[in-house]
Amino acid sequence: MVDVTLAGDDEPVALPDRPFVAEIRALTDPRAKLVRYARHLAEVNARQAQVMLALAGAATADPDAAEIWRKNVDDRRRGMAMFAAELVGTGGVRPDLGVDQVADILWLAQDVRNYDWLVRQRGWAIEQYQRWYVDTVSGAIIASADL
């Protein structure tokens with residue numbers, strides 16, 4: 001169920017091989033990559049928020065749920081490490097940040113709980129959430145002329 005809510009289907013296509021990843025890779029500007037990823041993230045979180053929050057709660061008491069939750073957390077971190085390498089490769093990321101730090105920032109910002117708080121609890125529009133994600137991550141990782 002976690003995989004289906006994440007991917008949106010039950011096709012045996014790994015996330016790195018999905019069309020949205022190719023679209024992100026084709027972009028050269030780091031902010032443009034974040035904008036495209038934010039659209040994907042909002043779509044995924046709209047499908048999976050309720051399931052993932054229930055899983056997170058169950059993981060505190062059930063060893064099987066905890067194992068599934070931990071796998072999801074680890075998979076998300078690996079995915080964000082790949083995305084971080086992609087962003088760093090553009091040359092537009094702050095020079096004081098390495099791939100691991102960028103991955104940590106991406107991983108934290110994409111957490112489903114952020115979507116839950118902002119969209120589901122506070123009533124933000126999806127566009128506001130996407131803008132928050134892009135502005136937050138861009139502000140944290142993209143090099144500016146002021147540095």
Side-chain angles (χ1 to χ4, degrees), residues 2-9 11 13-60 65-147:
V2 171
D3 290 342
V4 171
T5 60
L6 179 62
D9 58 47
E11 297 296 318
V13 179
L15 279 176
D17 299 329
R18 298 263 172 177
F20 83 91
V21 175
E23 292 171 16
I24 291 170
R25 286 185 178 139
L27 298 167
T28 57
D29 177 69
R31 187 172 175 92
K33 289 177 182 289
L34 291 170
V35 168
R36 177 59 187 96
Y37 180 71
R39 191 170 85 225
H40 165 74
L41 183 61
E43 292 167 0
V44 167
N45 283 337
R47 284 193 304 269
Q48 76 170 3
Q50 199 165 355
V51 170
M52 294 311 292
L53 293 169
L55 179 61
T60 65
E67 184 178 331
I68 294 167
W69 177 254
R70 175 52 46 201
K71 180 186 179 311
N72 178 266
V73 168
D74 292 345
D75 288 349
R76 285 189 307 110
R77 179 59 176 75
R78 273 191 296 282
M80 291 304 95
M82 289 187 291
F83 190 24
E86 178 84 21
L87 290 167
V88 169
T90 68
V93 171
R94 290 180 18 205
D96 61 315
L97 295 176
V99 171
D100 281 343
Q101 289 174 301
V102 172
D104 287 343
I105 292 164
L106 293 167
W107 177 79
L108 179 64
Q110 63 115 249
D111 191 287
V112 70
R113 289 168 283 214
N114 292 323
Y115 176 89
D116 181 56
W117 280 115
L118 296 174
V119 176
R120 296 177 71 214
Q121 303 296 325
R122 299 296 308 146
W124 283 26
I126 295 300
E127 295 77 17
Q128 288 176 291
Y129 168 74
Q130 291 174 355
R131 191 170 33 256
W132 168 84
Y133 175 85
V134 173
D135 289 347
T136 299
V137 175
S138 293
I141 70 166
I142 293 181
S144 73
D146 299 337
L147 292 179

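Quick note: numbers below take in every heavy atom, side chains included, and nothing from hydrogens, waters or symmetry partners.
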Of all heavy-atom pairs between Gln130 and Arg39, which one has the smallest distance, and what is that distance? NE2-CA, 3.5 Å
Measure up the His40 and Phe20 rings against each other and bin them: parallel (under 30°), tilted (30 to 60°), perpendicular (over 60°). parallel
Using every non-hydrogen atom in the two residues, find where Leu97 and Gln101 come nearest and quote the distance to one decimal. CA-OE1, 3.4 Å
All N/O donor-acceptor pairs, side-chain side in residues 132-140, below 3.5 Å, sequence neighbours left out:
residue: Trp132; atom: NE1; partner: Thr136; partner atom: OG1; Å: 3.2
residue: Asp135; atom: OD1; partner: Arg31; partner atom: NH2; Å: 2.7
residue: Thr136; atom: OG1; partner: Trp132; partner atom: O; Å: 2.7
residue: Ser138; atom: OG; partner: Arg31; partner atom: NH1; Å: 3.1
residue: Ser138; atom: OG; partner: Val134; partner atom: O; Å: 2.7

Side chains of Leu55 and Met52: closer than 4.5 Å at any heavy-atom pair? yes
Do the non-hydrogen side-chain atoms of Leu27 and Thr90 ever get within less than 4.5 Å of each other? no
To check you understand the geometry: which heavy-atom pair defines the closest contact between Ala81 and Ala103, and what is its length? CA-CB, 3.7 Å
Which residues share a salt bridge (charged side-chain N to carboxylate O under 4.0 Å, His left out) with Glu127, sequence neighbours left out: none
Arg94 versus Ile141: any side-chain heavy-atom pair under 4.5 Å? no
Quick one: are Val119 and Asn45 in side-chain contact, heavy atoms under 4.5 Å? no
Between Asp74 and Arg77, does any NZ, NE, NH1 or NH2 come within less than 4.0 Å of an OD or OE carboxylate oxygen? no
Do other residues, nucleotides or ligands put more than 12 heavy atoms under 6.0 Å from Gln128 CD? yes
Would you say CD of Glu67 has more than 12 non-hydrogen atoms from neighbouring residues, nucleotides or ligands within 6.0 angstrom? no
Please report the shortest heavy-atom distance between Ala109 and Asn114, naming the atom on each side. O-ND2, 3.1 Å
CZ (Arg25) and CZ (Arg36) are apart, to the nearest 0.5 Å, by 13.0 Å
Flag side-chain contact, heavy atom, 4.5 Å: Gln110 against Tyr115: no
Could you report the tightest heavy-atom contact between Glu86 and Ile24, atom names first, then the distance? OE2-O, 4.2 Å
Point-to-point distance, once rounded to the nearest 0.5 Å, from CG of Asp116 to CD of Gln121: 4.5 Å
Greater than 12 external heavy atoms within 6.0 Å of Trp107's CH2: no
Quick one, Leu106 and Tyr37 - any side-chain contact, counting heavy atoms below 4.5 Å? no
Here the pair of heavy atoms bringing Pro30 nearest to Leu87 is O-CD2, 3.7 Å
